[in-house]
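See structure below.
Heavy-atom basis, side chains included; hydrogens, waters and symmetry copies ignored. To find a chain, count down the sequence lines: A is the first, B the second, and so on, and within it residues start at 1.
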There are 2 protein chains.
Amino acid sequence: MNATNAANGARGNPTHELDAPPWRRVESTLMATASAIHAAYDQRLAGLGLTLSTASLLAYLAEFGPVTQTRCAEHLGQGRAVTGTQVDKLQSLGYVERRPDPTDRRVWLVSITDTGLDLAARVADVDEGLRGEFREGISRTDRQTLAALLVRLQENINRSQHVSSSSTPQQPESNHQ
Amino acid sequence: MNATNAANGARGNPTHELDAPPWRRVESTLMATASAIHAAYDQRLAGLGLTLSTASLLAYLAEFGPVTQTRCAEHLGQGRAVTGTQVDKLQSLGYVERRPDPTDRRVWLVSITDTGLDLAARVADVDEGLRGEFREGISRTDRQTLAALLVRLQENINRSQHVSSSSTPQQPESNHQ
DNA sequence: TCAGAACTGTATGGTTACATACAATCATGA
DNA sequence: TCATGATTGTATGTAACCATACAGTTCTGA
C-alpha cells in the first residue's frame with residue numbers, strides 16, 4: 001500500500017497492461033494524468049488565491065477583451081451558472097468588473113481590471129513554470145506526437161458519444177430521487 | 001437524454017485546441033480528453049443504473065474478492081467517505097453486501113452478490129465496447145506510444161507536485177533513466 | 001499490562017459543477 | 001406591430017468529491 005493507484009499505474013511497466021483490471025488501462029492512465037495536472041495547477045495557483053478554473057477565466061479575460069459570460073462559459077467548456085459564480089468571486093476580489101452592454105441589456109460585459117492584469121501576468125508565470133517542469137525530458141517531437149494521438153482519440157470519443165445508446169437492455173430506470 | 005445534453009458536454013466538451021492561448025495546449029487537450037472519456041462511460045453506464053465510479057467499484061469487487069472499504073478507496077484513488085457512500089448505493093440495489101470481518105471488528109468486508117456479478121459482466125461488456133470504439137484507427141503501437149508518453153508525463157507531474165514548500169524549485173535530480 | 005498511537009468507517013460541512021427553471025430581454029416573421 | 005421563439009444571466013436543487021473530526025477498535029512499546 002504505497003501511494004495511490006494512479007502512482008501504481010504510472011510506475012508500472014507500460015508494456016504489459018494486461019495484469020491490470022479493465023479499469024487500469026490507457027484510458028485510466030489518461031484520466032489519472034489529467035487529475036494530476038489539475039491538482040498540480042490548483043496547488044501552485046493556491047498561492048495566488050486562485051484555482052485552475054478561476055485562473056483560466058482570468059487569463060481568458062486578460063487576452064480577449066470584455067466579453068459576455070456566455071462566451072466565457074463556451075470557451076472554458078462549462079455551464080453559464082458556474083461561470084457566473086466564478087465571475088462573482090473574481091469581481092469580489094477586484095480582479096474583474098461587470099459593465100452593462102449598451103446594445104444588449106441582457107448581458108454583462110466582463111472586463112479585467114488593472115490589478116487583475118497584474119495577477120494574470122503572475123498566473124502566466126505559474127503556467128509557464130509548471131509546463132516547463134512537465135516537459136522535462138519530453139522532446140518537442142514527443143509532445144507533438146502526444147497531442148496528435150490525443151486529438152485522434154478525442155475524435156473517436158466524440159463519435160461514440162453521439163451514438164444514441166439504442167442497446168439499453170431491460171433494467172427499469174428505478175430513479176427514486 | 002437528448003442531443004443537447006451530449007453536445008453541451010456533461011463534463012465539458014471543448015472542441016478547438018490548436019489556435020490557443022496558454023490554456024489550450026497539450027495539458028488542456030489531455031484534460032478535455034479525460035473529461036470526454038468520463039462522460040462517455042457515464043453515458044453508456046447510465047443504462048445499467050451506474051456511473052463510472054460505481055461501476056469501477058463493482059468491477060473491482062467482482063475481480064478481487066471481499067475487501068475492506070479502505071482497500072477499495074485506495075484502489076479507486078478516492079477517499080474512504082465517498083467509497084462508503086458508493087457501497088451504500090450498491091448495497092441498497094442488492095449488488096454487494098457488507099459482512100463483518102471475524103478478525104477485525106472495525107472493518108466491513110464488502111462482497112459482491114450473484115446479481116452483482118451479472119451486472120459486472122454487463123459492465124465489462126460496456127467497457128470492452130467503448131474501448132474498442134476509442135481505439136478505432138489507432139494501432140497497438142500508437143497506443144503503446146501514448147501510454148509511454150503519459151507515464152513519462154505523469155512522473156514529471158508527480159515530481160513537481162512534491163516541490164510545494166520551496167519557492168525556488170531547484171531542478172530535481174532525475175532518479176534514473 | 002496498559003496507555004498512547006494508528007487504523008476503519010461514518011458524519012459533517014464545504015467546494016465545484018451540472019441540469020432545470022425562470023424573468024428579462026432580444027430577434028424573427030407574419 | 002406584435003406574438004412567438006431564442007438567448008442571457010441567475011436561482012435552485014442535485015450530485016460527486018474532499019477534508020476534517022469523531023467513536024470504536026486494534027496495534028505497539030515500555
Side-chain angles (χ1 to χ4, degrees), chain A residues 1 4 6 31-32 34-35 38-39 41-43 45-46 49-57 66-91 96 98-110 175-177, chain B residues 1-14 31-32 34-35 38-39 41-43 45-46 49-57 66-91 96 98-110:
Chain A
M1 47 196 87
T4 62
M31 289 192 286
S35 291
H38 202 304
Y41 270 99
D42 276 347
Q43 186 185 35
L45 291 167
L50 297 175
T51 64
L52 176 59
S53 299
T54 51
S56 301
L57 174 57
V67 289
T68 68
Q69 296 184 184
T70 294
R71 206 159 301 275
C72 293
E74 285 169 355
H75 180 85
L76 298 175
Q78 62 189 13
R80 285 172 291 157
V82 194
T83 305
T85 309
Q86 291 167 350
V87 171
D88 283 344
K89 176 165 187 178
L90 290 180
Q91 186 179 28
V96 308
R98 277 189 249 235
R99 297 182 307 180
D101 185 336
T103 72
D104 191 337
R105 278 188 293 176
R106 292 173 301 178
V107 309
W108 291 110
L109 287 183
V110 188
N175 46 358
H176 51 82
Q177 27 189 352
Chain B
M1 47 185 79
N2 48 17
T4 57
N5 230 347
N8 215 349
R11 305 222 177 263
N13 200 5
M31 289 191 288
S35 292
H38 201 308
Y41 270 98
D42 276 347
Q43 186 186 35
L45 291 167
L50 298 174
T51 64
L52 176 59
S53 299
T54 51
S56 301
L57 175 57
V67 289
T68 68
Q69 296 184 186
T70 296
R71 206 160 301 275
C72 293
E74 285 170 355
H75 179 85
L76 298 173
Q78 62 189 15
R80 285 172 292 157
V82 193
T83 305
T85 309
Q86 291 167 350
V87 171
D88 283 344
K89 177 165 185 177
L90 291 181
Q91 187 179 27
V96 307
R98 277 189 250 234
R99 296 183 307 176
D101 186 337
T103 71
D104 191 337
R105 278 188 293 176
R106 290 173 302 179
V107 309
W108 292 109
L109 287 183
V110 188

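- Atom CD of B:Gln69 is separated from atom P of C:dT8 by 11 Å (rounded to the nearest Å).
- There is a side-chain donor-acceptor pair under 3.5 Å between A:Arg98 and A:Gln91.
- If you take CG of B:Asp42 and C1' of C:dA19, they are 14 Å apart, rounded to a whole angstrom.
- Nucleic acid contact for B:Arg98: sugar-phosphate only, since backbone atoms but no base atoms lie under 4.0 Å from a heavy atom of the residue.
- Side-chain contact check for B:Ser56 and B:Ser53: no donor-acceptor pair (N or O, by modelled atom type) lies under 3.5 Å.
- No donor-acceptor pair under 3.5 Å is formed between the side chain of B:Asp42 and the backbone N or O of B:Thr51.
- Comparing A:Lys89 and B:Thr70, the nucleotide of DNA chain C nearest to each residue sits closer to the 5' end for B:Thr70.
- When distances are taken from the side chain of A:Trp108 to each of C:dA17, D:dG9, D:dA16, the shortest belongs to D:dG9.
- Separating the CZ atom of A:Arg99 from the P atom of D:dG9 is a distance of 15 Å, rounded to the nearest angstrom.
- For the pair B:Asp101 CG and D:dT25 P, the interatomic distance rounds to 14 Å; values are reported in whole Å.
- Rounding to whole angstrom units, CG of residue A:Asp104 and P of D:dG9 are separated by 8 Å.
- Nearest-nucleotide positions on DNA chain D place A:Val67 closer to the 5' end than the other of B:Arg105 and A:Val67.
- Summarising the geometry, the separation between CG on A:Leu57 and P on C:dA17 is reported as 11 Å, rounded to the nearest angstrom.
- If you check every strand for non-hydrogen atoms under 4.0 Å, A:Arg80 touches a base.
- In this structure, the CD atom of B:Gln78 is 21 Å from the P atom of C:dT15, given to the nearest Å.
- Residue-level contact check: A:Ser53 touches the backbone only, with heavy atoms under 4.0 Å from sugar-phosphate atoms and none from bases.
- Residue contacts for A:Thr83: at a heavy-atom cut-off of 4.0 Å it reaches no nucleic acid atom on any strand shown.
- In terms of phosphate contacts, A:Gln86 brings a side-chain nitrogen or oxygen within less than 4.0 Å of OP1 or OP2 of C:dA17.
- Counting non-hydrogen atoms under 4.0 angstrom, B:Thr51 reaches the backbone sugars and phosphates but no base.
- Heavy-atom nearest nucleotides on DNA chain C were determined for A:Val82 and for B:Leu109, and the one closer to the 5' end corresponds to B:Leu109.
- Which of D:dT7, D:dG9, D:dC17 sits closest to the side chain of A:Arg106 comes down to D:dT7.
- Interatomic distance, OG1 of B:Thr68 versus CG of B:Asp104, reported as 9.0 Å (0.5 Å rounding).
- With distances taken from any side-chain atom of A:Thr68 to the nucleotides D:dG9, C:dC26, D:dC18, the minimum falls on D:dG9.
- Following rounding to the nearest Å, A:His38 (NE2) and C:dA17 (C1') show an atom-to-atom distance of 10 Å.
- Distance alone, capped at 3.5 Å, is enough to place a donor-acceptor pair between the B:Ser35 side chain and the B:Met31 backbone.
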